[in-house]
Amino acid sequence: MSEAVDSLIAYCRENNRVCPLPKAWQQLWEMLPEKRQAIGAWEPAVPLIGAAWHETPAMLKMARLGEHIQWAAKHNALPEVAAFLRSLREDEWHHLGE
């Protein structure tokens with residue numbers, strides 16, 4: 001991973017953050033370029049929202065967000081994704097223990 005990716009992932013984990021709340025996470029995913037539907041799944045994988053939100057442990061949500069950040073970096077969209085994530089208010093994030 002690049003320093004920029006590591007820095008953004010570290011930012012996303014500050015203050016016990018897990019991932020953006022569903023509405024913001026969906027917006028982030030829609031920003032990701034070159035998404036494609038593979039056999040039965042999307043690349044990158046969709047955010048863990050909807051029914052999956054309540055069933056998915058925090059660590060898996062954190063990992064999925066990390067995958068989205070890495071996808072953005074690989075597809076030259078990291079500056080836009082970083083700006084979006086850093087613009088979210090603290091109450092637009094899901095936190096450990098919530």
Side-chain angles (χ1 to χ4, degrees):
M1 282 189 284
S2 73
E3 186 175 333
V5 168
D6 290 342
S7 174
L8 183 56
I9 289 174
Y11 171 81
C12 291
R13 293 184 179 167
E14 288 176 7
N15 300 326
N16 290 321
R17 293 184 195 115
V18 173
C19 60
L21 290 176
K23 182 180 177 185
W25 201 358
Q26 181 66 32
Q27 288 176 300
L28 169 68
W29 188 79
E30 289 172 4
M31 292 173 65
L32 299 176
E34 301 179 43
K35 293 182 295 292
R36 57 185 172 266
Q37 193 162 15
I39 299 172
W42 281 92
E43 292 182 354
V46 297
L48 294 165
I49 59 177
W53 180 259
H54 298 288
E55 300 167 5
T56 305
M59 290 304 293
L60 293 178
K61 290 176 182 172
M62 293 167 82
R64 180 67 54 88
L65 177 59
E67 291 170 15
H68 290 167
I69 291 168
Q70 291 173 6
W71 182 276
K74 185 177 177 181
H75 296 273
N76 302 311
L78 190 60
E80 296 84 3
V81 165
F84 175 78
L85 288 168
R86 291 178 187 276
S87 75
L88 294 175
R89 297 183 319 268
E90 201 63 37
D91 64 358
E92 293 179 290
W93 289 89
H94 176 59
H95 297 84
L96 287 172
E98 292 181 344

Is it possible for you to check whether Lys61 lies under 6.0 Å from the centre of the six-membered ring of Trp53, through NZ or CZ, and within 45° of that ring's axis? yes

Whether Lys35 engages the ring of Trp29 as a cation-pi pair (distance to the six-membered ring centre under 6.0 angstrom, angle to the ring normal within 45°) should be assessed.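 Positive - Lys35 is close enough to the ring of Trp29 and near enough to its axis.
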
Minimum side-chain heavy-atom gap [X]-[Y] below 4.5 Å:
X: Ile69; Y: Leu85; value: yes
X: Cys12; Y: Arg17; value: no
X: Pro47; Y: Leu28; value: no
X: His68; Y: Val81; value: no

Which distance, rounded to the nearest 0.5 Å, do you find between the [atom1] of [X] and the [atom2] of [Y]?
X: Gln70; Y: Leu32; atom1: CD; atom2: CG; value: 12.0 Å
X: Trp93; Y: Glu14; atom1: CH2; atom2: CD; value: 9.5 Å
X: Leu8; Y: Glu3; atom1: CG; atom2: CD; value: 12.5 Å

What closest approach, in Å, do [X] and [Y] show between heavy atoms, and which atom pair accounts for it?
X: Leu96; Y: Ala58; answer: CD2-CB, 3.6 Å
X: Leu88; Y: Ala24; answer: CD2-CB, 3.9 Å
X: Val18; Y: Met62; answer: O-CG, 3.4 Å

Quick one: does any side-chain atom of [X] pair with a main-chain N or O of [Y] as donor and acceptor, under 3.5 Å?
X: Thr56; Y: Ala52; answer: yes
X: His54; Y: Ile49; answer: no
X: Glu98; Y: His95; answer: yes
X: Arg64; Y: Leu48; answer: no
X: Ser87; Y: Phe84; answer: yes

Residues His94 and Trp25: side-chain donor-acceptor under 3.5 angstrom: no

Sidechain N-carboxylate O distance under 4.0 Å for Lys74, Glu34: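 Between Glu34 and Lys74 there is no salt bridge, as every charged N stays at least 4.0 Å from the carboxylate O atoms.
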
